[in-house]
2 protein chains.
Amino acid sequence: MEKRRTSKSSSKPGAQPKTLGAEAWLSEAWRALSELGVEGVRVEPLAARLGVTKGSFYWHFEDRAALLGALLDDWEQRATAAVIRAVDERCESPRERLFALIRMTTGAPEAPDVEHAVRAWGALDPAVRKRLHRVDARREAYVQALLVAVGVDEARAAMRARALYLALIGEYTRVAHGGAPTDRATWDELVQRMIER
Amino acid sequence: MEKRRTSKSSSKPGAQPKTLGAEAWLSEAWRALSELGVEGVRVEPLAARLGVTKGSFYWHFEDRAALLGALLDDWEQRATAAVIRAVDERCESPRERLFALIRMTTGAPEAPDVEHAVRAWGALDPAVRKRLHRVDARREAYVQALLVAVGVDEARAAMRARALYLALIGEYTRVAHGGAPTDRATWDELVQRMIER
DNA sequence: CGAGTTCAATACGGCACCGTATGGAAAAAC
DNA sequence: GTTTTTCCATACGGTGCCGTATTGAACTCG
């Protein structure tokens, strides 16, 4: 038959499968994306690194575009919900949540590369732009809500949430270039300035 | 002889030359870079857009790498000195200069694309990273100096200069994706917060 | 054990691009 | 007016990548 891409193997989590699954391709693709950008996500080099040939790839994926699409889906899901949940679980007061949010997002070691790669990608592909907009809007709204909860009035909160988020994007970009991460004191200073009435 | 790349033609500024110069290639390369990223700067497509063939390109440039190098030189020269000079000429008080600086940098319509493209490029090429570091350091130092001149103490000025500059990078990234530019009020709010004692 | 299913190897045609080699036309220098 | 220089066209070989087609090995299940 010519039906492929069923892929529910993987024996059991914990036993490394001697046969590749789609996730293996995905994770290699993530590495390539963050290190080389979208243009670095190529089928044959990926295959070489995985120690297989293209034959495997085209069994798991329709084509290269399908892989890129899968990357986006993966990112959009994890980029927002996970962080917000973690912050909400860990802290109570909105003030603590703000500081925790900044610490988490600026502390994750591989986040900048991924984030920057996706953004660089977005400058090239309109489909990626849309997702970026959604994610950005969601994150910014969350920050704004925290600021309001702290006591900043709506209008100012919107402006400061934007400012904070812009700085965060800037930091991702900066670190993605190998720049030294901005230290906690600087972030605290900024957040503090944004919080005050 | 096999000596090429002498290129001092261009008749006179004002008369459009019927024959291409290196600058024509450079400006097309800029467009490609900002629209498509480094990987979009390819010799043959550029030639097609200029209505000539590769033969022309390899007369003016050693190879593709030389073109990319020329782009970097061009950028580093214009990216810092020009803006600082303009601001210093136009305003007197450091406070005014700060607001003017932000307005100029966030107001230039093609700056975000160029800036973001160079930064995306920097994530891939270590040689580009170095230039980025230099430029970033110079810009940040300028902002810090302005903050100190306004009356912020050194330590805080360093942190706030960083924060401001990060936000600016973020804005470039944002706008490069087709996001709406952040409005003046938001910038003024941020700058104001960074200025206050 | 034989048949189907799952995953990968091999081999192929095609495209886009790089860089080189060589020749030609038009302008500049003599 | 011939020679030289300047700039571009044409043609070529080479590479890296995409996607398809076909075959084959290993595992699964009857």
Side-chain angles (χ1 to χ4, degrees), chain A residues 1-12 15-29 31-33 35-71 121 124-125, chain B residues 1-12 15-29 31-33 35-71 121 124-125:
Chain A
M1 302 275 155
E2 82 282 327
K3 295 214 123 188
R4 80 232 98 143
R5 262 164 300 119
T6 339
S7 144
K8 79 189 80 149
S9 84
S10 68
S11 44
K12 248 140 199 174
Q16 53 166 358
K18 72 192 63 172
T19 178
L20 258 49
E23 0 77 40
W25 286 96
L26 259 187
S27 93
E28 260 303 307
R31 194 201 47 77
L33 178 63
E35 283 182 14
L36 308 169
V38 215
E39 300 296 330
V41 182
R42 312 225 105 110
V43 177
E44 282 170 335
L46 253 53
R49 276 196 126 250
L50 287 171
V52 295
T53 62
K54 303 187 297 183
S56 169
F57 177 84
Y58 286 100
W59 200 88
H60 294 289
F61 297 91
E62 180 70 32
D63 54 11
R64 183 170 171 267
L67 173 64
L68 296 181
L71 280 177
W121 183 7
L124 279 62
D125 185 334
Chain B
M1 305 274 156
E2 82 282 332
K3 294 215 125 186
R4 80 229 98 146
R5 263 165 299 117
T6 339
S7 147
K8 77 190 84 152
S9 82
S10 68
S11 44
K12 248 141 200 173
Q16 55 165 3
K18 74 191 63 170
T19 177
L20 255 49
E23 359 77 40
W25 286 96
L26 259 187
S27 94
E28 260 303 307
R31 194 203 45 78
L33 178 62
E35 282 181 15
L36 307 169
V38 214
E39 300 297 330
V41 182
R42 311 222 106 108
V43 177
E44 282 170 337
L46 253 53
R49 278 195 124 250
L50 287 171
V52 295
T53 63
K54 303 187 295 183
S56 170
F57 177 84
Y58 286 99
W59 170 256
H60 295 288
F61 297 90
E62 179 70 31
D63 54 11
R64 182 169 172 267
L67 174 63
L68 297 181
L71 280 177
W121 182 7
L124 278 63
D125 186 334

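Residue numbering restarts at 1 for every chain, and letters A, B, ... go by the order of the sequence lines.
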Nearest-angstrom distance from the residue atom CH2 of B/W59 to C1' of C/dA27: 13 Å
Nucleic acid contacts - residues 35-44 of chain A versus DNA chain D, non-hydrogen atoms under 4.0 Å: A/R42, A/V43, A/E44
Any residue of residues 45-52 of chain A with a heavy atom less than 4.0 Å from an atom of DNA chain C: A/G51, A/V52
Separation of D/dT6 C1' from B/H60 NE2 (nearest whole Å): 9 Å
Residue pair B/G40 / B/A32: nearest heavy atoms and the distance that separates them: O-CB, 3.9 Å
Distance in angstrom units between B/R64 CZ and C/dC17 P, rounded: 11 Å
Nucleotide C/dC18, atom C1' - distance to CG of B/L67 in whole Å: 13 Å
From CH2 (A/W25) to CG (A/L46), nearest 0.5 Å: 6.0 Å
Listed partners of A/R64 passing salt bridge (charged side-chain N to carboxylate O under 4.0 Å, His left out), at least two apart: none
Protein-nucleotide distance (B/F61, atom CZ; C/dT20, atom C1'), rounded to Å: 18 Å
Salt bridge (charged side-chain N to carboxylate O under 4.0 Å, His left out) involving B/R49 - partner list, sequence neighbours excluded: B/E28
Spacing of A/Y58 atom OH relative to C/dT10 atom P, expressed in whole Å: 17 Å
Shortest non-hydrogen contact from B/S56 toward B/V52: CB-CG2, 4.0 Å
Euclidean distance, atom CZ of residue B/F57 to atom C1' of D/dT10 [Å, nearest integer]: 18 Å
Atom pair CZ (B/R31) and CG (B/L26), whose distance is rounded to the nearest 0.5 Å: 13.5 Å
For A/L36, side chain to side chain contact (heavy atoms under 4.5 Å, CB included) partners two or more places apart: none
Listed once per pair and sorted, the side-chain hydrogen bond (donor to acceptor under 3.5 Å, both in side chains) pairs that draw on residues 36-46 of chain B, sequence neighbours left out: B/E44-B/K54
side-chain N/O B/T19 vs D/dC8 OP1/OP2, d < 4.0 Å: yes
Euclidean distance, A/L71 CG relative to A/W121 CH2, rounded to 0.5 Å: 5.5 Å
